[in-house]
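Please read the structure below before turning to the comments.
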Protein chains: 2
Amino acid sequence: MKLSPLEKLCREKGLRMTEQRRIIVRVLSEAQDHPDVDEVYQRASKIDSKISLATVYRTLRLFEEAHILERHEFGDGRSRYEEASCQHHHHLIHIQTGQIIEFNDDRVENLLKEIAENLDCQLVGHRLDLYGVPLKGIKRKVEYYDA
Amino acid sequence: MKLSPLEKLCREKGLRMTEQRRIIVRVLSEAQDHPDVDEVYQRASKIDSKISLATVYRTLRLFEEAHILERHEFGDGRSRYEEASCQHHHHLIHIQTGQIIEFNDDRVENLLKEIAENLDCQLVGHRLDLYGVPLKGIKRKVEYYDA
DNA sequence: TTATGTGCAAATACTTTGCCTTTAC
DNA sequence: GTAAAGGCAAAGTATTTGCACATAA
């Protein structure tokens, strides 16, 4: 049987694979957005209606700690998850619509590293969320990666 | 009677001043750290032991909405507050000690604005937290403001 | 087989709210 | 005097946990 990339990752990390974990992994790998726990639970329930919310919480946390998923808090009090992609990025949140655009910019990364070092710290992580309103004019829907 | 700067701010915003609000304002203006709600409640209780936690919550939220205080979430699930200083800044959190260092850097500010505009957005807010571990060698305790 | 995971419901942590009393202006 | 604020306890929301049963390896 062919394993999905995420399931392969789980094996490599020595995580026991159960039907529920497979479902949750699948939900996240198919997600194009940043679902919160209840949303993951809803989507998982459509695949297996007997899955429990506690299992979803436990699994998401486990996967977060294994760096298979990333957890975000965008200020509404709920944890949101996404696949930990190899592509590091940040989020721009449209404050009116809640739409989230991902972006990355090496200049930011380098600058933050430098700032931390000036404060005698090694940078081990950072969180950067932008909040914005659309400028009038042409909208573009594409994601923006400044390589 | 002489008003504290924060209390003056409250007046300007048309907020009715009560004994409890005065105490909470005082606690925050004396704070050198980023206390969570319960910590504010503890400190306020030392001044007036009859103050209630609900009032602390209500007041902190009110003051946050009036931009008299700023609320932060540093990932431990609690809201933390500080005086909304005229000096915009971000936070570097020492992940081992929880110590928080404030910093500011115009290059970051300009860069974020530019990135948002490239994404057809006007930047209306942003959150930037760095997580780090101390580099070996001299530690400095001063706050860092890169004007 | 047996350590590990799951489901369920109860517990916890943080925060908000209803309602009646108190207070600022 | 009256609209607004406070105190208290109950309710809400997000998340975790204890325990008996189920299951992957």
Side-chain angles (χ1 to χ4, degrees), chain A residues 1 3 7-27 34-66 68-81, chain B residues 1 3 7-27 34-66 68-81:
Chain A
M1 180 186 167
L3 298 183
E7 185 160 350
K8 211 178 286 182
L9 241 180
C10 294
R11 303 262 169 164
E12 285 167 20
K13 308 240 176 185
L15 297 177
R16 185 191 282 208
M17 282 314 285
T18 65
E19 196 49 38
Q20 292 88 337
R21 291 183 179 177
R22 239 183 294 273
I23 289 170
I24 291 167
V25 150
R26 177 176 147 197
V27 164
H34 303 72
D36 62 28
V37 179
D38 196 67
E39 185 60 40
V40 174
Y41 173 57
Q42 301 300 335
R43 296 180 196 179
S45 296
K46 284 186 189 154
I47 302 172
D48 171 7
S49 63
K50 287 168 295 307
I51 202 166
S52 84
L53 183 57
T55 295
V56 174
Y57 270 105
R58 276 190 278 236
T59 304
L60 291 175
R61 187 150 65 111
L62 178 76
F63 285 2
E64 180 203 351
E65 284 162 3
I68 292 169
L69 299 177
E70 270 177 26
R71 184 168 61 88
H72 301 286
E73 293 171 45
F74 293 133
D76 56 3
R78 279 167 291 171
S79 294
R80 296 174 171 276
Y81 288 87
Chain B
M1 179 190 168
L3 298 183
E7 185 161 350
K8 210 179 288 180
L9 241 182
C10 293
R11 301 261 169 166
E12 286 167 20
K13 309 238 176 187
L15 299 177
R16 184 190 286 208
M17 281 316 285
T18 65
E19 196 50 40
Q20 292 88 337
R21 290 184 179 176
R22 240 183 295 273
I23 290 170
I24 291 167
V25 149
R26 177 176 148 197
V27 165
H34 302 75
D36 61 29
V37 178
D38 196 66
E39 186 59 39
V40 174
Y41 174 57
Q42 301 300 335
R43 296 180 196 179
S45 296
K46 284 185 188 152
I47 302 172
D48 171 7
S49 64
K50 288 171 292 310
I51 202 166
S52 85
L53 183 56
T55 295
V56 174
Y57 269 104
R58 275 190 277 237
T59 304
L60 290 175
R61 189 151 64 111
L62 178 76
F63 286 3
E64 180 203 350
E65 283 162 2
I68 291 167
L69 298 177
E70 270 177 26
R71 185 167 62 87
H72 301 288
E73 294 170 44
F74 293 132
D76 57 3
R78 279 167 289 173
S79 294
R80 295 173 172 277
Y81 288 86

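So you know, we letter chains A, B, ... as the sequences are listed, proteins then strands, and number each from 1. Values below: all heavy atoms of this structure, side chains included; hydrogens, waters and symmetry mates excluded.
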Using 4.0 Å as the upper bound for N to carboxylate O, is an ion pair formed by B:Glu19 and B:Arg22? yes
Quick one, B:Leu53 and B:Val37 - any side-chain contact, counting heavy atoms below 4.5 Å? yes
When rounded to the nearest 0.5 angstrom, what is the spacing between CD1 in A:Ile24 and OH in A:Tyr41? 11.0 Å
To the nearest Å, how far apart are B:Asp38 CG and C:dC14 P? 8 Å
Rounded to 10°, the angle between the first-five-pair and last-five-pair axes of the helix from C:dT1-D:dA25 to C:dC25-D:dG1 is 40°
Within the pair A:Arg61 and D:dT16, is there a side-chain N or O less than 4.0 Å away from OP1 or OP2? yes
For C:dT15 and B:Tyr57 - does any side-chain N or O of the residue sit under 4.0 Å from the phosphate oxygens OP1/OP2? yes
Does the side chain of B:Asp76 reach to within under 4.5 Å of the side chain of B:Asp36, using non-hydrogen atoms? no
Footprint string (nucleotides 4-12 of chain C, 5' to 3'): B base within contact, S backbone only, - free, heavy atoms under 4.0 Å: BSSBB----
Could you check whether atom CZ of A:Arg43 has more than 12 heavy atoms from other residues, nucleotides or ligands sitting under 6.0 Å from it? yes
Any side-chain heavy-atom pair of A:Arg78 and A:Asp38 under 4.5 Å: no
May I have the distance from A:Tyr81 (atom OH) to D:dA14 (atom P), rounded to whole angstrom? 13 Å
